[in-house]
Amino acid sequence: MTRKSRIAVQVFLVLLLLAAGGAVLAHLTLSKKPPTRQKPVVQAPLVRTITAQTGPLDVTIEGEGTVQPLNMATLAAEVSGQVVKLSPSLVDGGSFKKGQVLLTIDQADYKLSLTLAQAGVEEAESALEVAKEETEAGKEEWLLLQKDSKQPFREPPPLVAKLPQLEYRRAKLEAAKAQVRQARLALQRTEIKAPFNGRVIKKNVDLGQFLTPGKAVADVFSTETAVVRVYLEDTDLAWLKVPGLTSGPGEGSLAIIKADFAGKSLKWQGRITRALGEVDERTRLVGVVVEVAEPYAKLPPLAVGLFVKVELQGLQL
């Protein structure tokens, strides 16, 4: 086969392949169905519907704050002496009752002082009785002289009746009684008693320590009432009863105090008792004081220092 014949054959085969490919492509194009038009599906959001009910609505104002004691005090010695007895309650975190003896100072010297003062009273009473007798005797002598005299009757002069001496003895008796009261008071002050129901923050004294007047014994706080200071916007006050601020004397708005403490969600009920003395210059918020009675009555307690949320029950719409 000549060269020209081979070229002719190759051209023929190429044309044949192109024709076959074009035929197949035309067949596929003609046999394809056009796409159908579909409307998109709209996914409606899920909602919950309720029927609105008309009626009164209590306005609730929310706030937050930190629990603080209503009363705190630093107990101190009023007399000097050695500590001879400590109450088991006088420890950091210890609880005590009002009037409970927390600490006792050595009373020996003070008992002796009281005994000497009482003896002084007895001596002064005896001296007063002698002065009274001398006064009566002076008056009788004066009356006898008046009977023998032809002069009109006159009252005896104070010196004759010994009235200055009598008044002096009376004054001495009162001074002796005052010394007894002072000695008895000093003896009472050897016992430091709790001024209220409370707990100990910090103990500052130990057994055998010598105390001087004014020496701090312990820092304590009252558990009778707890307070929470809540700072509110000025507009929120319109819905609340704040005695002395938005309402007159009487009870303020109720408050619900909530906190998560000791693994539990707890609630306490309190009441607004007053507003703080001034508006905060930096935040322009107004502080109100919520008081809770007997915060340690149940366990876990509304502990001092606890951060809480407060719901203030306002006026009714």
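Numbers for residues simply follow the sequence, beginning at 1.
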Stepwise side chain to side chain donor-acceptor pair (under 3.5 Å) check, S253 with Q313: CA-CA 6 Å; S253 299; Q313 307 299 316; over 6 Å; no
Salt bridge (Lys or Arg N to Asp or Glu O under 4.0 Å) between R271 and E251, worked out: CA-CA 8 Å; R271 190 177 292 275; E251 293 185 336; 3.5 Å; yes
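Heavy-atom contacts from other residues, nucleotides or ligands closer than 6.0 Å to CD of E125 number more than 12. Heavy atoms from other residues, nucleotides or ligands lying under 6.0 Å from NZ of K264 number 12 at most. More than 12 heavy atoms of other residues, nucleotides or ligands shown are found within 6.0 angstrom of CZ on F307. Around atom CD of E233, no more than 12 heavy atoms belonging to other residues, nucleotides or ligands sit under 6.0 Å away. Within a 6.0 Å sphere centred on NZ of K203, other residues, nucleotides and ligands contribute more than 12 heavy atoms. In this structure, R229 places its CZ atom where only 12 or fewer heavy-atom neighbours from other residues, nucleotides or ligands lie under 6.0 Å away. Around the CD atom of E278, the shell of radius 6.0 Å holds no more than 12 heavy atoms that belong to other residues, nucleotides or ligands. Counting heavy atoms of neighbouring residues, nucleotides and ligands inside a 6.0 Å radius, atom CD of E191 exceeds 12 of them.
Within the 4.5 Å cutoff, the side chain of V310 has heavy atoms near those of the V230 side chain. Using a 4.5 Å heavy-atom threshold, the side chains of L276 and V286 count as separate. Put simply, the side chain of I192 does not reach to within 4.5 Å of the side chain of T104, judged on heavy atoms. The closest side-chain heavy-atom distance from Y231 to V279 is not below 4.5 Å. Contact annotation: the side chain of K215 never approaches that of F210 to less than 4.5 Å [non-hydrogen atoms, C-beta and beyond]. You'll find the side chain of S87 stays beyond 4.5 Å of the side chain of L103, heavy atoms only. Side-chain contact between V290 and I272 is present, with heavy atoms from C-beta onward closer than 4.5 Å. Side-chain contact between F96 and L102 is present, with at least one heavy-atom pair separated by less than 4.5 Å.
L211 and V200 end up in the same hydrophobic cluster when Ile, Leu, Val, Met, Phe, Trp and Tyr side chains are linked at under 4.5 Å. Hydrophobic clustering (ILVMFWY, side-chain heavy atoms < 4.5 Å, transitive): F261 and I257 are in one cluster. When the side chains of ILVMFWY residues are joined at heavy-atom separations under 4.5 Å, either directly or via intervening members, L254 and I61 end up in two distinct hydrophobic clusters. Hydrophobic clustering (ILVMFWY, side-chain heavy atoms < 4.5 Å, transitive): Y296 and V67 are in distinct clusters. Under a hydrophobic-cluster definition in which Ile, Leu, Val, Met, Phe, Trp and Tyr are linked whenever side-chain heavy atoms come within less than 4.5 Å, directly or via other members, L185 and Y110 are assigned to different clusters.
For the pair E122 (side chain) and A119 (backbone), a donor-acceptor distance under 3.5 Å is absent. Formation of a donor-acceptor pair under 3.5 Å by the E224 side chain with backbone atoms of N197 is found in this model.
For the atom pair CD (Q209) and CG (L207), the distance works out to 10.0 Å, reported to the nearest 0.5 Å. Atom CG in L128 sits 9.5 Å away from atom CD in E174 (nearest 0.5 Å). Between the OG atom of S113 and the CG atom of L187 there is a distance of 9.0 Å, given to the nearest 0.5 Å. Put simply, CZ on F196 and OG1 on T225 are 11.0 Å apart, with the number rounded to the nearest 0.5 Å.
Considering I201, L75, N71, L90 in turn, L75 is the only one that fulfils the side-chain contact (heavy atoms from CB on, under 4.5 Å) rule with V220.
Contact between A183 and A117 at its shortest, heavy atoms only, is CB-CB, 4.3 Å. Between R274 and V242, the shortest heavy-atom distance links the atoms C-CG1, 3.9 Å.
In this model, a donor atom of one side chain and an acceptor atom of the other lie less than 3.5 Å apart for T190 and Q107. Between the side chains of Q82 and D106, not a single donor N or O lies within less than 3.5 Å of an accepting N or O. Checked by atom type, the side-chain pair S265/D260 shows a donor-acceptor distance below 3.5 Å.
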